[in-house]
Each structure stands twice: as C-alpha cells, then as structure tokens.
There are 2 protein chains.
Amino acid sequence: MAATGRGGAEHDETASPSARLGAYIEERGLKHSRQRERIAQTFFDMGGHVTVEQLVVRCRRDDARISVATVYRTMKLLAECGLASARQFGDGQTRYEPAAGRAHHDHLICTSCGEIVEFANERIETLQALVARRHGFEVESHRLELYGRCARCKAARPREVRP
Amino acid sequence: MAATGRGGAEHDETASPSARLGAYIEERGLKHSRQRERIAQTFFDMGGHVTVEQLVVRCRRDDARISVATVYRTMKLLAECGLASARQFGDGQTRYEPAAGRAHHDHLICTSCGEIVEFANERIETLQALVARRHGFEVESHRLELYGRCARCKAARPREVRP
DNA sequence: GTGCCTGCAAAAAATTTGCAACAAC
DNA sequence: GTTGTTGCAAATTTTTTGCAGGCAC
C-alpha cells in the first residue's frame, strides 16, 4: 500500500490503486471493509477485461463467502472513483479493466480464442475528433473494437469459420 | 414488393428487402406470415437503430396481438439473412438497423438526447487494418462509436453535465 | 452506538424457450 | 394433413435492490 503522496485534494493520479480507493472511501464518509479490499486487490491482480463472474470465482478462492452483490457493488465503486472502467464487448457480460491513470486505448478481440489485446493509435484518435467536429459533435468518449482472429488462431486453423 | 431480379442464386443484393426476405424464407422451407411481413415492414419504415421494444410498440399500433417473442424471433431472422444487423450501444438494449447492401459505417451517439448519426471514414478504416495487421490479427469486423453531445444539445445547454 | 456494508434472496430487465393452438403450403 | 409459426407464460441470464444482521469507526 505505497503511501505515495496521499497528500490532499481531489484524486491523486500518482497514488497506488489501494491508496486511491482508500482516499475515495474516506472522502465520502464510506467505510473500509475486508471485502472491498479483497475484491479490489483481486481485480488488479487479474489484470483486466474480467467479468464479474470471473471475479467472483477468483475472490471466492480466498474467501468463499464473498457475495455476487458485493462484487457488483464494489466494481461500481471502483468505476466511480476512476480506478476501473466498464466495457461491453457484446457477449452480454460487462467487463472491467483497470483505469487508474492509464491512457485511452482500444481493443482487438479474437473471435476464436477470446483473447483481448489493447492498442492505442494517435492517428485514429485524431481522425475521430475530426469526423465528430464535422458533424457538430463534441466527443466525450469513444470505443473502438476490432474483432478478428489473432495470429495464433490463424495459424492453428487457417480460414476456418469460428465456433 | 418490387420484383427486382428475383432470378435465382444465393442472396441478390439488388433485390428489395421484402423480396430478399421472401427468397430467404422460401430457400429454407420456412413460411410467410402476416406477422413477419408486418414486423419487417415496420422495421424498414422506422429507419434504423430501433430497439425491440420500440418495434413492438409500433407494430402493435397496427396489430395489437403481435407478441414480443415474435418480434425477437423475426429480428433474428432478418439478421440471419443479412437484412438487419444488431448493435449494442451499451444501454443494455440491442438495437437493429437495416443492413441490406449498405456499406459499413460507424456511429456518433449523443449522450444528451440519444440521437444516433452514422458516418463512414475511409482513412480510419485503413488505419484500423494497419493496426490489426501489426498485431497479427485478421480483422473480421469492427465497431467504432463516438459518444458526445450533438450540435443541438451543445447549443441548448453549453458545457453542462448530462443527466 | 450510529451508520455504512454484507449476504441472501427476491426483484428487475432483456431475451429465450416450451408448448398447445393455429396458419401456411 | 404436415410442418413451421405464434402467443403466452415460464425460464434464463445478468444485474440490482430490500432487508436484517454485522462490522467499521
């Protein structure tokens, strides 16, 4: 729990996730709890793009009594304080990824094995802004997802239709 | 029901939606029905980005007995034969838009009034393909959505946070 | 001790499915 | 007449919520 500059105002982008969550909780008069700590820790350990279900399973390896509702509530909390962000990849389940101080990025998703790769492309972002302006829009956020087959799956089964 | 070249093979991209649906139904040994006709017609009349719920409401103005299940089933059928395509804009409801012979396009979505505008940008597509190749992916499809405030909403309430 | 949190189970919301009656061919 | 389709209601799936008891402060 690195106490990296937990000084004062607003959200310190340089603080560790734990510290930021702690700060957020205290600012709002909320309370720390064993569950919140465990869920947040598990979430960051898992690295990203996890569904609530996966998170529940993993959390329960350490503490079998963690309830689904608490995981939902905690992930919502993490999203509110900017430590996680929710994504929909069209499979019906919300996925969360760490968001603390990370630059914007988009996703490549393998339709064969489900692998999710992140990427960022400055030029695409620039063009997006351009397109939006042309339509009179002020962009707040965007999502770009490329669906296809990753190198490994291509090699394994060239030109085959996915399951 | 323009009988535009309903000649023979596969899916005639030049045929009218009704004709294509008819062809698809016959090819597969399925049956025509009053409901399918009505739902398809209503869908095409509505122009796009409609939810199943909106479709049900509208269909029931003409025929109060149309059931939700039938609308779901028919939209799935339209999607299968390439006349409609399903989109998820993250609000939890699937939206459908006409897809017959239309070029690929992406969406601008107003977070204030919900307006959905389509756009296409060749250069963005090119860059996407480039990024994918760089990661060893073979792209099958993609989605790009820009969320923000449209010109009208910006003018109405400049710089205000959305509801 | 007060007030937020948790777990459980019930509730919601969107979509799917089983089934008997019904319509298309 | 056979077979696919419909409407209804029940089932599913994902997420939310009410509530009594528990834990943090």
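A note on names: the letters A, B, ... follow the listed sequences, proteins ahead of strands, and every chain is numbered from 1. Values in this document were obtained by computation on a predicted structure and should not be read as measured data. The figures here come from the full heavy-atom set of this structure, side chains too, leaving out hydrogens, waters and symmetry mates.
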Student: Taking atom P of dT14(D) as reference, at what distance in whole Å does atom CD of Glu53(A) sit?
Tutor: 6 Å
Student: Parallel, tilted or perpendicular: which describes the rings of His135(A) and Phe119(B), with under 30° parallel and over 60° perpendicular?
Tutor: tilted
Student: Can you tell me if Glu97(B) and His107(B) form a side-chain donor-acceptor pair at under 3.5 Å?
Tutor: yes
Student: Over its full length, what angle do the end axes of the helix from dG1(C)-dC25(D) to dC25(C)-dG1(D) make, each axis taken from five pairs and the result rounded to 10 degrees?
Tutor: 20°
Student: Are a donor atom and an acceptor atom from the side chains of His142(A) and Gln128(A) found within less than 3.5 Å of each other?
Tutor: yes
Student: Does either side chain, that of Gln35(B) or that of Thr74(B), offer a donor lying less than 3.5 Å from an acceptor on the other one?
Tutor: no
Student: Nearest whole angstrom, please: distance from the P of dT15(D) to the CG of Leu77(A).
Tutor: 17 Å
Student: How many whole angstroms separate atom OH of Tyr72(B) from atom P of dA11(D)?
Tutor: 19 Å
Student: Just how far, in rounded Å, is P of dT14(D) from CZ of Phe89(A)?
Tutor: 17 Å
Student: For the pair made of CD in Gln88(A) and C1' in dT13(D), what is the distance, rounded to whole Å?
Tutor: 14 Å
Student: Can you check whether Lys31(B) has a side-chain N or O nearer than 4.0 Å to OP1 or OP2 of dT6(D)?
Tutor: no
Student: Please verify the inter-ring angle class for Phe43(B) with Tyr96(B); under 30° counts as parallel, over 60° as perpendicular, anything in between as tilted.
Tutor: perpendicular
Student: Could you give the start and end, 5' to 3', of the contact zone on DNA chain C for chain A, using atoms under 4.0 Å from its heavy atoms?
Tutor: dG3(C) to dC8(C)
Student: Testing the basics here: between Met46(B) and Leu55(B), what is the closest heavy-atom pair and its distance to 0.1 Å?
Tutor: SD-CD1, 3.6 Å
Student: With nearest nucleotides of DNA chain C determined for Asp91(B) and Ile66(A) from heavy-atom distances, which residue corresponds to the more 5′ nucleotide?
Tutor: Ile66(A)
Student: Between P on dG7(D) and CZ on Arg38(B), what's the gap in Å once rounded to a whole number?
Tutor: 11 Å
Student: Both Ser33(A) and His32(B) contact DNA chain C. Taking the nearest nucleotide for each, which residue is further toward the 5' end?
Tutor: Ser33(A)
Student: Using atom CG of Leu30(B) as one end and atom P of dG4(D) as the other, report the distance to the nearest whole Å.
Tutor: 8 Å
Student: Under the 3.5 Å rule, do the base of dG7(D) and the side chain of Arg73(B) count as making a donor-acceptor pair?
Tutor: yes
Student: Using whole Å, report how far CG of Leu55(A) lies from C1' of dT14(D).
Tutor: 15 Å
